[in-house]
Amino acid sequence: MRVEPVPELVGHIAVPGDKSISHRAVLVGAISAGAVTVEGFGRSADTEATIAAVRALGVEVIEHDVDALTVLGVGLRGLRPPAEPIDCRNAGTLMRLLAGILAGQRGRFELRGDASLSARPMERIAEPLRRMGARVETTDGHAPIVVEGSGKPLAAISYELPVASSQVKSAILLAGLYAEDETTVVEPVPTRDHTERLLERAGARVRRRGRAVSIGPVRRLRPVAIEIPGDFSSAAPFLVAAAIVPGSRVTVHGVGLNPRRTGLLGVLERMGARIAIYNRRSIGGEPAGDVEVVSSELVGTTIDAEEVPTLVDELPLFALAACHARGESVVRGAGELRVKESDRIETVVDGLRRVGARIRATDDGFRVLGVPARLRGGVFEAHGDHRLAMLGAIAGVASREGIDVAGAEAVEVSFPGFYAILA
């Protein structure tokens, strides 16, 4: 995909429903006691994998429109082992959260993924699920995963996460629905809480105390209507583009503003970006609003480990913003980037360096020496990573000569309409 530079970006847009919440809506809907309607579903290759997975487990999903579904829940213990392995494709959220649910079912379930997903660490969910009494086998710490449940109540545990991860936290909390007593997860730093919010709405007892979140066992999850706000991670490329392309003014409407997801806004403001939020409201129990970004001169900043979970998916875009800021920017404590769809430290650094950035990798992040001027341009390799494909495109509109994004089709994983909205 060739992306040419633009003099400015101006407009009002909306983005698809939040991918993280869309996964959870279908999974929680599948084990609810009745029909769950989902509005604002964020359709992508990843979330379609979740629909296919619950169908394989015996759940009927009625698709009314591209963003409207009804999931006919079969109850907490109503999932049935399919004859074939469940294909999670590239969806790490699906594999990890579904494993937590399957730990409470009866039968043998095998979860597989594509080459990228099969390279991501899965012992981080297997180990706590084993502590709860489930039989979980990984393949040298990776997918394929086999989960065998006895159908009997799991053991309640208190588990301290060694690495901040909303997916691991969610897997344990979902398994906690099937435990004999209260299950607790202690986080090193707070991560996104979409699972807790959704389970609470469905009638689960969720308690929060500092860095700990606990969930009690339930007899049933009540079916609820779920409305999903726009995905902040899908809005982020356009917000960063507006901040770095002179003369730009972009507003994204109806986007989720969960404070555990929107660390990028605080970082951009710290760098001098002009950001305004209008029409704050609740969408499906999540804070939301309309976000406007107007271009401005940026200065470098530092992101430390405690801030990383609030913008881990946006760190590649932060690197691009830092390239256009005056002075040095540093990211520390982001080693988790190395086990995403690609090694996002190496791929981001290599990709931006090839188009003119002064950036270098560290063990757990990167350093950028920014100049308030456009990058040169050239070829940007996406490495099969949807976040990298979007990064390359935004670098293209902000460049001097334009950028050819190699592997641009990777955006289909999370945001099929990305190029159309950018155009």
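- In this structure the side chain of Ile145 reaches within 4.5 angstrom of the side chain of Met95, judged on heavy atoms.
- One finds a salt bridge joining Glu336 and Arg124 here, because a Lys/Arg side-chain nitrogen approaches an Asp/Glu carboxylate oxygen to under 4.0 Å.
- Residues Glu412 and Ser44 have side chains that never bring a donor and an acceptor to within less than 3.5 angstrom of each other.
- Taking Arg77 as the reference, nothing meets the side-chain hydrogen bond (donor to acceptor under 3.5 Å, both in side chains) condition, with sequence neighbours excluded.
- Remark: Asp46 engages Lys19 in a salt bridge, criterion side-chain N to carboxylate O under 4.0 Å.
- Counting heavy atoms from C-beta outward, Val368 and Leu352 have side chains that stay 4.5 Å or more apart.
- In this structure, the side chain of Ser296 engages the main chain of Gly272 through a donor-acceptor pair within 3.5 Å.
- Using a cutoff of 4.0 Å between basic side-chain nitrogens and carboxylate oxygens, Asp290 and Arg281 are scored as salt-bridged.
- Annotation: side chain of Val146 is not in contact with side chain of Thr138 (no heavy-atom distance under 4.5 Å).
- At least one donor-acceptor pair closer than 3.5 Å links the side chain of Asp114 to the backbone N or O of Leu117.
- Proximity of Thr183 to Ile172: side-chain heavy atoms (C-beta onward) are separated by under 4.5 Å at one or more points.
- The aromatic rings of Phe415 and Phe238 sit perpendicular, their planes meeting at an angle over 60°, well past the 30° parallel limit.
- A distance of 9.5 Å separates CZ in Phe41 from CG in Asp67, rounded to the nearest 0.5 Å.
- With respect to Glu346 and Arg338, a salt bridge is recorded, a charged nitrogen being found less than 4.0 Å from a carboxylate O.
- Distance check: Ile215 CD1 to Arg208 CZ gives 9.5 Å after rounding to the nearest 0.5 Å.
- Not a single donor-acceptor pair under 3.5 Å links the side chain of Thr301 to the backbone N or O of Met271.
- Side-chain atoms of Thr93 and Gln167 form a donor-acceptor pair, as typed in the model, at a separation below 3.5 Å.
- Formation of a donor-acceptor pair under 3.5 Å by the Arg197 side chain with backbone atoms of Gly285 is found in this model.
- Sorted by first then second residue, the ring-ring contact (aromatic ring centres under 6.0 Å, His included) pairs that include residues 248-294, not counting sequence neighbours, are His12-His253.
- Contact annotation: the side chain of Pro237 approaches that of Phe418 to within less than 4.5 Å [non-hydrogen atoms, C-beta and beyond].
- Between Asp385 and Arg344, at least one side-chain N (NZ, or NE/NH1/NH2) sits under 4.0 Å from a carboxylate O, which counts as a salt bridge.
- No donor-acceptor pair closer than 3.5 Å links the side chain of Glu63 to the backbone N or O of Asp65.
- Using modelled atom types and a 3.5 Å distance limit, the side chains of Thr195 and Arg24 yield a donor-acceptor pair.
- Side-chain contact annotation: Arg249 with Ser295, donor-acceptor N/O pair under 3.5 Å absent.
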| field | side-chain contact (heavy atoms from CB on, under 4.5 Å) assessment of Thr70 paired with His64 | value | CA-CA 8 Å; Thr70 298; His64 307 289; 2.7 Å; yes
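- Within 6.0 Å of CZ in Arg135 there are 12 or fewer heavy atoms belonging to other residues, nucleotides or ligands.
- Although no hydrogens or angles enter the test, the distance criterion places a donor-acceptor pair under 3.5 Å between the side chain of Gln105 and the main chain of Leu79.
- Under 4.0 Å is where a charged nitrogen must lie from a carboxylate oxygen, and between Arg192 and Asp313 at least one such pair does.
- No side-chain donor-acceptor contact under 3.5 Å links Thr184 and Ser158.
- The pair Asp231-Arg261 meets the salt-bridge criterion, with a side-chain N (NZ, NE, NH1 or NH2) lying under 4.0 Å from an Asp/Glu carboxylate O.
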| task | In sequence, state the C-alpha distance, the side-chain angles, and the governing distance for Arg120 and Val339, and then conclude on side-chain contact (heavy atoms from CB on, under 4.5 Å). | result | CA-CA 6 Å; Arg120 297 176 69 180; Val339 290; 5.6 Å; no
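- Comment: Arg89 does not engage Glu341 in a salt bridge, judged by the lack of any side-chain N to carboxylate O separation of less than 4.0 angstrom.
- The pair Glu292-Arg274 does not count as a salt bridge, with every side-chain nitrogen at least 4.0 angstrom from each carboxylate oxygen.
- Salt bridge absent: Glu60 and Arg55 never bring a charged side-chain N and a carboxylate O closer than 4.0 Å.
- For Arg260 (side chain) and Thr191 (main-chain N/O), a donor-acceptor pair under 3.5 Å exists by modelled atom type.
- Distance alone, capped at 3.5 Å, is enough to place a donor-acceptor pair between the Ser165 side chain and the Val168 backbone.
- Side-chain contact check for Val405 versus Val3: some heavy-atom pair is nearer than 4.5 Å.
- Within the 3.5 Å criterion, the main-chain N or O of Val218 finds no donor-acceptor partner in the side chain of Tyr178.
- By the 4.0 Å N-to-carboxylate-O rule, Arg201 lies too far from Glu286 to be salt-bridged with it.
- For the pair Ile228 and Ala25, the tightest heavy-atom approach, listed with the atom from each and the gap, is CD1-CB, 4.2 Å.
- Atom CG of Asn279 has more than 12 neighbouring heavy atoms from other residues, nucleotides or ligands inside a 6.0 Å radius.
- Looking at His23 and Thr47, their side chains never bring a donor and an acceptor atom within 3.5 Å of each other.
- Within the 4.5 Å cutoff, the side chain of Glu328 has heavy atoms near those of the Arg367 side chain.
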| request: Using the side chain to side chain donor-acceptor pair (under 3.5 Å) rule, take Thr347 and Ser342 through it: C-alpha gap first, then chi angles, then the decisive distance, then the call. | output: CA-CA 7 Å; Thr347 54; Ser342 65; 3.1 Å; yes
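- Between Ser248 and Val294 the shortest side-chain heavy-atom distance does not fall below 4.5 Å.
- For Arg106, the CZ atom sits in a loose shell: 12 or fewer heavy atoms of surrounding residues, nucleotides or ligands are nearer than 6.0 Å.
- Within the model, atoms CZ of Phe318 and CG of Leu320 stand 10.5 Å from one another, a figure rounded to the nearest 0.5 Å.
- Checked by atom type and distance alone, the side chain of Asp364 pairs as donor or acceptor with a backbone atom of Gly333 at under 3.5 Å.
- Checked for salt-bridge contact, Glu137 and Arg130 miss the test: no charged N lies under 4.0 Å from a carboxylate O.
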| Checking salt bridge (Lys or Arg N to Asp or Glu O under 4.0 Å) for the pair Lys169/Glu196: CA distance, chi angles, key distance, verdict? | CA-CA 10 Å; Lys169 173 181 67 173; Glu196 298 96 298; 2.8 Å; yes
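- Just one residue in the list Asp193, Asp18, Thr310 forms a side-chain hydrogen bond (donor to acceptor under 3.5 Å, both in side chains) with Asn258, and that residue is Asp193.
- Within 6.0 Å of the CZ atom in Arg209, the count of heavy atoms belonging to other residues, nucleotides or ligands exceeds 12.
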